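To keep things clear, I will list the structure first and then write my remarks on it.
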Amino acid sequence: MIITVTGEGDFEIVNQLAAETCALNAKWMTSKVSRIGEQFAALVLVDIESEKLGCLEDAFRTNYPQLTFSYSEPKVEAAIFSEPIQVTLNCEDRSGLTREINELLTGLEVEVEHINTIRAPVSGLGCSVYEAKMTVRLPSDVTQENLIHQLEQLDNKIRISCD
């Protein structure tokens, strides 16, 4: 079950929601949490027995009236992904590069946890440079070497490092 949570709160609320989930012998498989100002948003993939979902919904609604919850079934079975990998990509900037990177990652079914791109002019070179720093998880059928090889195909002067 994918649970979307929004409202006013802080990161401590994540621990409280996780405790409510655990009390029903359910597990948080993965989550994405963001906070801007006092507003909080989370996407949580929960492994829960279907007969306990109503109890979890009731507990959330009763104990966290300041939050809004929505529930949806995943459209496909969750794939098995690697541990997070830090990828840094550097090259000369050009139009469409971010779109091409996103299309490549989508095509490989790579889970992107975070991506930050920077474009900076370099006066000595007379051009702009591009840097993308990403945190990704690879599906079981994609190796780190394969990901690097595919990214290198985007530009012959691209430099990629992984941690």
Side-chain angles (χ1 to χ4, degrees), residues 1-89 96-118 131-154 160-163:
M1 177 63 54
I2 297 173
I3 303 173
T4 305
V5 186
T6 59
E8 193 170 309
D10 57 26
F11 285 108
E12 179 56 33
I13 201 103
V14 172
N15 294 332
Q16 295 167 359
L17 295 171
E20 293 276 358
T21 306
C22 186
L24 293 170
N25 293 320
K27 297 178 191 163
W28 281 29
M29 303 306 290
T30 188
S31 63
K32 309 276 188 227
V33 179
S34 293
R35 185 169 171 243
I36 298 177
E38 298 300 316
Q39 292 300 305
F40 152 84
L43 286 169
V44 184
L45 176 62
V46 176
D47 182 15
I48 186 168
E49 296 174 18
S50 57
E51 60 272 3
K52 293 184 180 180
L53 181 59
C55 294
L56 184 64
E57 290 175 1
D58 290 343
F60 283 173
R61 187 175 33 258
T62 301
N63 297 328
Y64 307 97
Q66 78 279 21
L67 299 176
T68 302
F69 298 89
S70 65
Y71 304 86
S72 61
E73 288 290 336
K75 301 249 185 277
V76 295
E77 279 297 314
I80 298 172
F81 288 95
S82 70
E83 290 298 313
I85 299 169
Q86 307 299 317
V87 179
T88 302
L89 178 147
L97 190 55
T98 300
R99 177 186 46 79
E100 290 175 21
I101 292 168
N102 286 330
E103 286 174 356
L104 186 144
L105 296 173
T106 300
L108 292 173
E109 298 180 347
V110 171
E111 182 179 277
V112 178
E113 291 189 352
H114 175 79
I115 186 167
N116 184 38
T117 60
I118 299 171
E131 178 178 79
K133 291 188 175 189
M134 303 173 267
T135 304
V136 300
R137 291 178 183 257
L138 304 180
S140 57
D141 62 339
V142 177
T143 65
Q144 185 171 313
E145 293 76 22
N146 181 252
L147 174 65
I148 291 170
H149 176 74
Q150 294 292 321
L151 288 168
E152 287 173 339
Q153 302 308 303
L154 296 174
I160 298 165
S161 62
C162 296
D163 299 330

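This structure is a prediction, so every number in the text was calculated from the model and none was measured. These values consider heavy atoms only, across backbone and side chains, with no hydrogens, waters or symmetry-generated copies.
- Across all non-hydrogen atoms, the minimal contact from L104 to Q150 is CD1-O, 3.3 Å.
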### Task
Take L154 and I101, measure what side-chain contact (heavy atoms from CB on, under 4.5 Å) needs, and give me the verdict at the end.
CA-CA 8 Å; L154 296 174; I101 292 168; 3.7 Å; yes
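- Listed for the K52 side chain is a donor-acceptor partner under 3.5 Å among the backbone atoms of L24.
- Shown here for K27 and T21, the closest heavy-atom pair between the two residues is N-CG2, 4.3 Å.
- Residues V44 and I2 form no side-chain contact, since every pair of their non-hydrogen atoms from C-beta on lies 4.5 Å or further apart.
- No donor-acceptor pair closer than 3.5 Å links the side chain of N146 to the backbone N or O of V142.
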### Task
Starting from the C-alpha separation in whole Å, work towards a yes-or-no answer on side-chain contact (heavy atoms from CB on, under 4.5 Å) for F40 and V14.
CA-CA 10 Å; F40 152 84; V14 172; 3.6 Å; yes
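- Within the 4.5 Å cutoff, no side-chain heavy atoms of F60 are placed close to those of L67.
- Inter-residue side-chain proximity for L138 and T143 is flagged as unmet; no heavy-atom pair is nearer than 4.5 Å.
- Looking at heavy atoms from C-beta onward, I160 lies out of side-chain contact with T88 at the 4.5 angstrom threshold.
- Nearest heavy atoms, M1 versus Y71: SD-CB, 3.7 Å.
- Taking 4.5 Å as the limit, every side-chain heavy atom of F69 sits out of range of all side-chain heavy atoms of R61.
- Taking OG from S34 and CD from Q39, the interatomic distance works out to 12.0 Å, rounded to the nearest 0.5 Å.
- The distance from the CD1 atom of I48 to the CE atom of M29 is 13.0 Å, given to the nearest 0.5 Å.
- The CG atom of L151 sits 6.0 Å away from the CG atom of L89 when rounded to the nearest 0.5 Å.
- The closest side-chain heavy-atom distance from E113 to V136 is not below 4.5 Å.
- The shortest distance between side-chain heavy atoms of H114 and N116 falls below 4.5 Å.
- Side-chain contact between V110 and P139: present, with at least one pair of heavy atoms (C-beta onward) separated by less than 4.5 Å.
- Of the inter-residue distances, the one linking D47 atom CG with L45 atom CG reads 8.0 Å to the nearest 0.5 angstrom.
- Listed here is the closest heavy atom pair of R137 and F81: O-CD2, 3.5 Å.
- With E20 contributing its side chain and Q16 its backbone, the two residues share no donor-acceptor pair below 3.5 Å.
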### Message
Checking E12 against N15 for the side-chain contact (heavy atoms from CB on, under 4.5 Å) test, could you report, in this order, the C-alpha distance in whole Å, the side-chain angles of both residues, the deciding distance, and whether it holds?
### Response
CA-CA 5 Å; E12 179 56 33; N15 294 332; 3.3 Å; yes
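- Put simply, CD on Q66 and CD on E8 are 8.0 Å apart, with the number rounded to the nearest 0.5 Å.
- When all heavy atoms are compared, the tightest approach of K133 to E131 is CE-OE1, 3.3 Å.
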### Message
Assess the residue pair I3 and S70 against the criterion (side-chain contact (heavy atoms from CB on, under 4.5 Å)); give the C-alpha distance rounded to whole Å, side-chain angles, the decisive distance to 0.1 Å, and a yes or no.
### Response
CA-CA 6 Å; I3 303 173; S70 65; over 6 Å; no
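- Interatomic distance, L105 CG to L147 CG, rounded to the nearest 0.5 Å: 6.5 Å.
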